[in-house]
Amino acid sequence: MRGLGCRRVRSPAGGAGLAFPDWAYKAESSPGSRQIQLWHFILELLQKEEFRHVIAWQQGEYGEFVIKDPDEVARLWGRRKSKPQMNYDKLSRALRYYYNKRILHKTKGKRFTYKFNFSKLIFVNYPMWDMRDGRAQKS
DNA sequence: CACGGAAGTA
DNA sequence: TACTTCCGTG
């Protein structure tokens, strides 16, 4: 297991310098059968330049991203989950459930634009992390 | 489009 | 639990 202090950053080549810490892209930690989470999938697409025409980080605001092609993102998500009837209406409902979970929030006024709550993602990936003093706690 | 209640799935 | 499906409301 890697140290918690590791904050390696991924910089997209030729990008606007927008990068996100490696802990944010922590695909799946469990060995095997756990189903992929929507936010893992979103981060996965965001991390690959080949999907930049479909979904991309919004320059300026850290953690903010824009779904440039909602139908395509929904199609890709549906393919991954074996849900051929998936569409943006349903996918966006799933994203809205993240509001209360504090994983995402909407960027009001900006169409198809959402923002990751990275501090919450730290908590999701490393439950032992205590946000109050920024040190790992023993249970 | 975006929101969120309500019921259904695995 | 984490969505998926459906839908009325603004």
Side-chain angles (χ1 to χ4, degrees):
Chain A
M1 184 183 278
R2 209 165 289 145
L4 292 175
C6 176
R7 279 200 158 204
R8 184 153 56 87
V9 201
R10 291 164 183 270
S11 284
L18 229 184
F20 64 97
D22 198 46
W23 48 255
Y25 178 66
K26 193 74 174 169
E28 58 264 74
S29 32
S30 47
S33 51
R34 190 177 171 185
Q35 273 264 66
I36 188 166
Q37 310 282 106
L38 178 53
W39 65 269
H40 287 328
F41 181 75
I42 296 291
L43 246 24
E44 192 178 303
L45 294 183
L46 246 16
Q47 184 240 11
K48 297 177 180 178
E49 288 185 49
E50 57 204 278
F51 294 110
R52 262 193 163 172
H53 61 293
V54 168
I55 186 170
W57 292 113
Q58 179 77 280
Q59 54 191 55
E61 287 295 313
Y62 189 74
E64 192 173 86
F65 63 95
V66 190
I67 297 174
K68 296 178 179 176
D69 188 341
D71 294 333
E72 182 63 2
V73 172
R75 193 187 66 78
L76 260 19
W77 173 235
R79 191 180 62 178
R80 177 67 67 89
K81 287 285 292 289
S82 300
K83 294 288 178 184
Q85 310 311 311
M86 184 51 60
N87 57 37
Y88 181 68
D89 179 54
K90 296 171 190 172
L91 186 150
S92 61
R93 182 67 189 92
L95 291 180
R96 289 195 291 277
Y97 271 127
Y98 284 152
Y99 299 170
N100 287 326
K101 292 182 181 176
R102 306 201 62 193
I103 289 174
L104 281 184
H105 71 71
K106 191 72 178 66
T107 299
K108 294 171 185 175
K110 292 183 182 176
R111 203 153 156 262
F112 307 129
T113 304
Y114 300 82
K115 187 171 179 176
F116 273 102
N117 207 19
F118 282 131
S119 51
K120 174 63 177 178
L121 293 185
I122 293 178
F123 188 74
V124 169
N125 285 311
Y126 304 102
M128 74 296 285
W129 193 270
D130 192 315
M131 304 286 279
R132 287 170 298 182
D133 60 14
R135 228 175 296 132
Q137 303 290 301
K138 280 278 176 103
S139 338

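Note that these values count all heavy atoms, side chains included, but never hydrogens, waters or copies made by symmetry. Here is the naming used below: chain letters follow the sequence lines, and residue numbers restart at 1 for every chain.
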For A/Y98, side chain to side chain donor-acceptor pair (under 3.5 Å) partners two or more places apart:
none

Quick one: which of A/F41, A/W39, A/Y88 gives a ring-ring contact (aromatic ring centres under 6.0 Å, His included) with A/W77?
A/F41

For A/R79, what residues pass the salt bridge (charged side-chain N to carboxylate O under 4.0 Å, His left out) criterion, not counting sequence neighbours?
none

Between A/E61 and A/K115, is the side-chain contact (heavy atoms from CB on, under 4.5 Å) condition met? List the steps.
CA-CA 8 Å; A/E61 287 295 313; A/K115 187 171 179 176; 2.7 Å; yes

Positional range of nucleotides in DNA chain B within the contact set of chain A, heavy-atom, under 4.0 Å:
B/dC1 to B/dA7

I'd like to check the side chain to side chain donor-acceptor pair (under 3.5 Å) partners of A/K83; sequence neighbours left out, ordered by chain and number.
none

Under a 4.0 Å heavy-atom cut-off, which of residues 85-99 of chain A touch DNA chain B?
A/Y88, A/R93, A/R96, A/Y97, A/Y99

Start and end of the DNA chain C segment that chain A contacts, any atom under 4.0 Å from a heavy atom
C/dA2 to C/dC7

Is any side-chain heavy atom of A/E44 closer than 4.5 Å to one of A/I36?
yes

Holding to ring-ring contact (aromatic ring centres under 6.0 Å, His included), I want the full list of residues that pass it with A/F51, two or more places apart in sequence or in another chain.
none

Scan residues 104-112 of chain A against DNA chain B and write down, sorted by residue number, each residue with any heavy atom closer than 4.0 Å; if none is found, say none.
A/K106, A/K110, A/R111, A/F112

Tell me which residues in residues 67-79 of chain A lie within less than 4.0 Å of DNA chain C, going by non-hydrogen atoms.
A/W77

Take A/R80 and A/H40 through the side-chain contact (heavy atoms from CB on, under 4.5 Å) test and state the conclusion after the steps.
CA-CA 12 Å; A/R80 177 67 67 89; A/H40 287 328; over 6 Å; no

Closest heavy-atom pair, A/L38 versus A/L91, reported as atoms and distance to 0.1 Å, is CD2-O, 4.0 Å

On the 0 to 90° scale, with breaks at 30° and 60°, tag the A/F65-A/Y114 ring pair as parallel, tilted or perpendicular.
parallel

Could you check A/I42 against A/L104 for side-chain contact (heavy atoms from CB on, under 4.5 Å), going step by step and ending with a plain yes or no?
CA-CA 11 Å; A/I42 296 291; A/L104 281 184; over 6 Å; no

Closest heavy-atom contact between A/D89 and A/N87?
N-OD1, 3.0 Å

Hey, could you give me each pair passing salt bridge (Lys or Arg N to Asp or Glu O under 4.0 Å) that has a residue in residues 100-111 of chain A? Not counting sequence neighbours.
A/E64-A/K110

Sorted by chain and number, sequence neighbours left out, side chain to side chain donor-acceptor pair (under 3.5 Å) with A/R93 holds for A/Y97

Residue pairs, two or more places apart or on separate chains, that pass salt bridge (Lys or Arg N to Asp or Glu O under 4.0 Å) and touch residues 67-78 of chain A:
A/E72-A/R75

